[in-house]
Every structure is written in C-alpha cells, then in structure tokens.
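Quick notes on the structure that follows.
Hydrogens, waters and symmetry mates are skipped; everything else that's a heavy atom, side chains included, is used. Chain letters run A, B, ... following the sequence lines, proteins first and then strands; every chain starts at 1. Computed from a prediction, not measured in an experiment: that's the story for all the values here.
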2 protein chains.
Amino acid sequence: MVTDQTAPRVTRRRVRTRANLLDAAFAVFAAKGFGRVSIEEVCEAAGYSRGAFYSNFDSLDELFFALYRQRADLIAEQVAGALALDGPDLDVPAAVDRVTEVLLLDLDWLLVKTDFLVHAARDPDVAQSLLEHRARLRDAIADRLLRARGLTELPAVLGDIDGAAHAVVAAYDGVTTQLLLDKDVEGARIWLKQLLTALLTDGSDPQRAH
Amino acid sequence: MVTDQTAPRVTRRRVRTRANLLDAAFAVFAAKGFGRVSIEEVCEAAGYSRGAFYSNFDSLDELFFALYRQRADLIAEQVAGALALDGPDLDVPAAVDRVTEVLLLDLDWLLVKTDFLVHAARDPDVAQSLLEHRARLRDAIADRLLRARGLTELPAVLGDIDGAAHAVVAAYDGVTTQLLLDKDVEGARIWLKQLLTALLTDGSDPQRAH
DNA sequence: GTCTTTCGATACATCGGTGTATCGGATACA
DNA sequence: TGTATCCGATACACCGATGTATCGAAAGAC
C-alpha cells in the first residue's frame, strides 16, 4: 500500500535540511539584510552546498517568503495565546503587558520583519499576503477588546472596536520603527504600553496602567 | 583673487550631473529597492556612464546617504513651515491637517525612507544620524504643542510635552507601515488625523477634528 | 540486507557588476 | 581666444554569484 501515488517520497533528511537552511537564513538575513545576502552565504551558514539549496527552493525570494511565514505564524500563535490567557472579562492592562512582552522580544525578528515589509511594498502579491496576515492579527485584538467592553470605555474618536484594533497595530508599528534605531527593547516596551493606554482608555478614565 | 586655495575648481557641470544622478537614483531606488539596485542601473537611468558616478561618489552607500539627506532636509523644511504657519496659539487640528498633507504626500519617498531605515538599523553610525534627525523633528513638534498649551489639554498618560511629540512621530511611523502595503494615501491621511486627535486631545475634551 | 528512489555535493559554463586606468572633450578663468 | 584644469566616457581585468548537469551516497520500502 502506498500513501500517495503522485507526491515524491517524503524523506526525513529533507525536512531537516530545509529547517536548517531556514534557521541559517534567519541569522544571515538579520545580520546583513535581505538585499545584501547571497544564496551562497545562506548555504555556508547552514553548512550545506548550493546543491541543497536548489533542491529545496527555487530562489532567495521563495526562501525569504517561507521564512517569514514560518516565524510570523509562530509569533501570531504566541500573541493569540497571550490574548486568550485570562478569562472572558479580565483587565486590559494585563493583556497589554503580556502581548507587549511577546511582540517586542526579538530585535532580529523585527529587523527581518521590516525587511519583509519593504519587500512586500514593492510586490503586490506579497503585500496582499501580508495585509491578510495583519488583518487576522487585528481581528484577534478586536475580539479581545470586545470582551473587555464596559470595563474600559474606548475613546470615540477611533470609531468602532475595529478602529481601536487598527490603532493598536499602528502603535506597535510606530514603536518598532524607533526601536530599530535605538535598540532599547525595555524602553520600547514601556513606551508601547503608555501609547496603548493612551489610545485604549478614555482620558477621563481613572483606571490606568500601573 | 582666488576663492579657495585647496579645493578643486568647482565646475557648474559637476553639480548638474550630481543632481541628475541623485534624481535618477531616487526613481530607481523607489522602484526596485536599495538592495536590488546596481551602480550601472542608476547611471543608465541618469544617462551617464559609470565614469560619472565614480567621479562623484565612492559607493552606492554614499549616494544613498546623500540622497536621503537631501530629501529628508527638504521635507523637514516643509514640515517646519506647516507648523509655524499659524499664529502663536491657533488650533492644533489645522496644524495637524497641514502636517499630515506634507508627510503623506509621496509614496515613493516613504518607500525610500523605509529602505533607509532598515539600512540604518544595521549601521550604528547611520542610525545615530537618523536618530538625530528624528529628534530635531520631535523638537519642532514639541515647540508647536507648547504654543497650543491651554487650548487643548494633553492626556496625562503620555507624560510631558516631549512625550506627546514622541507619540506623534510614532503615530506617523505606524500609519506609514500600513500605507506602504495598501497604498491608500487618502485613507492614511484621515487615519493619521484620527490617531493624532485621539493621542493629543483629552478624551473628555469636546473639541475634536472636524 | 537489497534495491530503488531521493538528496545534496561537485564541477562547469556563464553572466553581470565592480573598480581602475586612460584619454579626449568640456569648462572656467585670464 | 588661449590654456590649464576638470569631468566623464571608454576599455579592460577581475571577481563573485548564478543555475545546471552529473554522480555518489544516504534513506526508505520490502
């Protein structure tokens, strides 16, 4: 009996090398930037020859895309976990704390992520894919905000809850930009919390972070 | 009488070709991204040979830096103008409108600017220079906010006026990220205004944009 | 264990970009 | 207009990266 007629026999070695290539690529991309990395460099960092690369990917672009998907999905999972952690109506500040911890964890990832952004900005297909990913993230945040409704009143200027979720993402992106330059992760965390508090709580609301 | 003993005779042709190279570089960088552009491409776009390039710049990096400085200074000037336009205490929303108009004018510039950001994120010297530029911008905004004090009460969560200026820049950066993907300039403008209003005005403040 | 299929290393041809050295025409200045 | 200087075009040598074709070895199926 054969599991699949058409697909090539899936070997264990293949998935290992592929994972190794992706890991090495992450390190190299983070260090030098996508635009300045050659296929050879990735292979050398992973300890393979170029034959291995061409056996697994068609181009650097394809590898980059696969790398982004892998890591982005992982982070999205962690964020979703941090958002779902507390009960149906617990306080927003705690959730903010946990999410902030996850989102501003790894500077290298922010570097690669931004590289991917400028890459996507010039390729409509990639941009579309990234936009969808961001939309999913926003939805998760909106769901969480919905659960907190009543506890904290949202400022009306942002419009509905979806607008508020949009604002959260914008704050994250804005803080990321600054962080890429000054590399002050702890400062960025504090700063992001402040921003989110300012955005999500009514100014007249006595309940604030800390 | 000689204007300068040591410096080479400043020719008119030189400044023209240099400007042409910079203009062409802007177009090419915007279209393909810094990482994917060769010296030859820039020269071809400008209508020169590589000889002209090497006569004016030492490397693509140097040209990129010069290009960024040129355009960034130009924009900073326009922003300063938009901030200084009204009297010593006129309304913030009008200033927000004008600044938003200037900052979200040219998508190509945002592309190149972001390219430069990821470039700076990997080179401490360049990062330092960019940070200083951003600090000057923040100071201009803080000055403007100071003039408006009393008219609109700032939310306390942001801390002092400098914190508020910081938040303005973060909002701008955040909106830029989204804009790079969806290319909706008009939407981004509206959205940025909303964000700034939410950040700069107390939630209980009845005075809002529009 | 053997046999078949797949994976990845090696070798090769090729191409595009880089930097330099040189030279003729353009430009400023008297 | 003459002339000294500068600028940019051309030609050349070089290098590094790319993609492909081939082959030995590893891994799964039985």
Side-chain angles (χ1 to χ4, degrees), chain A residues 1-67 115 119 123, chain B residues 1-67 115 119 123:
Chain A
M1 175 190 174
V2 177
T3 49
D4 195 314
Q5 303 269 0
T6 57
R9 197 156 65 182
V10 192
T11 60
R12 201 169 290 173
R13 176 165 63 144
R14 191 174 188 73
V15 301
R16 213 177 42 222
T17 43
R18 192 183 154 94
N20 286 337
L21 280 171
L22 283 171
D23 286 352
F26 179 75
V28 178
F29 284 160
K32 310 190 59 177
F34 178 57
R36 297 178 173 232
V37 166
S38 68
I39 294 177
E40 284 199 341
E41 279 174 297
V42 174
C43 295
E44 191 187 9
Y48 290 97
S49 76
R50 262 182 20 255
F53 176 89
Y54 284 108
S55 171
N56 281 279
F57 303 96
D58 283 339
S59 64
L60 248 196
D61 273 45
E62 191 193 309
L63 179 148
F64 192 32
F65 192 81
L67 171 64
D115 257 4
H119 182 231
D123 184 326
Chain B
M1 175 190 173
V2 177
T3 49
D4 194 313
Q5 304 270 359
T6 57
R9 198 158 66 181
V10 190
T11 59
R12 201 169 292 173
R13 177 164 63 143
R14 191 175 188 75
V15 301
R16 212 176 44 221
T17 42
R18 193 184 154 94
N20 286 338
L21 281 171
L22 283 171
D23 287 351
F26 179 74
V28 177
F29 284 159
K32 310 190 57 175
F34 178 58
R36 296 175 174 241
V37 166
S38 68
I39 294 177
E40 283 200 339
E41 280 174 297
V42 174
C43 295
E44 190 187 10
Y48 290 96
S49 76
R50 263 179 23 254
F53 177 88
Y54 283 108
S55 172
N56 281 280
F57 303 96
D58 284 338
S59 64
L60 248 195
D61 274 45
E62 191 192 311
L63 178 148
F64 193 30
F65 193 80
L67 170 64
D115 256 4
H119 183 230
D123 183 327

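- One atom, CZ of B:R16, and another, C1' of C:dA28, lie 13 Å apart when rounded to the nearest Å.
- The nearest pair of heavy atoms linking B:S49 to B:C43 is O-SG, 3.8 Å.
- Following rounding to the nearest Å, B:R18 (CZ) and D:dC7 (P) show an atom-to-atom distance of 12 Å.
- Between A:K32 atom NZ and D:dA17 atom C1' there is a gap of 12 Å when expressed in whole angstrom units.
- In this model, the phosphate group of C:dC7 is not approached by any side-chain N or O of A:N56 to a distance below 4.0 Å at OP1 or OP2.
- For the pair A:F64/A:V42, no side-chain contact is recorded, criterion being any heavy-atom separation below 4.5 Å from C-beta on.
- Here C:dA11 presents its C1' atom at 15 Å from OH of A:Y54, a figure rounded to the nearest Å.
- Considering every non-hydrogen atom in both B:A25 and B:L63, the closest pair reads CB-CD2, 3.3 Å.
- Within the 4.5 Å cutoff, the side chain of B:Y54 has heavy atoms near those of the B:I39 side chain.
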Return the polar atom pairs (N/O with N/O) between nucleotides 14-17 of chain C and the protein under 3.5 Å, or none.
from, atom 1, to, atom 2, distance (Å)
C:dG17, OP2, B:E40, OE1, 3.1

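- The 12-atom threshold is exceeded at CD of B:E62, counting heavy atoms of other residues, nucleotides or ligands nearer than 6.0 Å.
- Distances shown here put every side-chain N or O of A:T11 at or beyond 4.0 Å from the OP1 or OP2 atom of D:dA27.
- In this structure, B:E62 atom CD and C:dG19 atom P are separated by 12 Å, rounded to whole Å.
- Remark: P of D:dG16 and CD of A:E44 are 12 Å apart, rounded to the nearest angstrom.
- In this structure, A:D61 pairs ionically with B:R36, as a charged nitrogen and a carboxylate oxygen lie closer than 4.0 Å.
- Here the rule is side-chain hydrogen bond (donor to acceptor under 3.5 Å, both in side chains) with B:S55, and of B:R18, B:R14, B:R50 only B:R14 fits it.
- Between A:F53 atom CZ and C:dT10 atom P there is a gap of 18 Å when expressed in whole angstrom units.
- Look at A:R13 and you won't find any side-chain N or O under 4.0 angstrom from OP1 or OP2 of C:dC7.
- Taking atom CZ of B:R14 as the reference point, atom P of C:dA28 lies 13 Å away to the nearest angstrom.
- A close approach under 4.0 Å does not occur between any side-chain nitrogen or oxygen of A:Y48 and OP1 or OP2 of C:dG8.
- Residue A:R12 places no side-chain N or O under 4.0 Å from the OP1 or OP2 atom of D:dA27.
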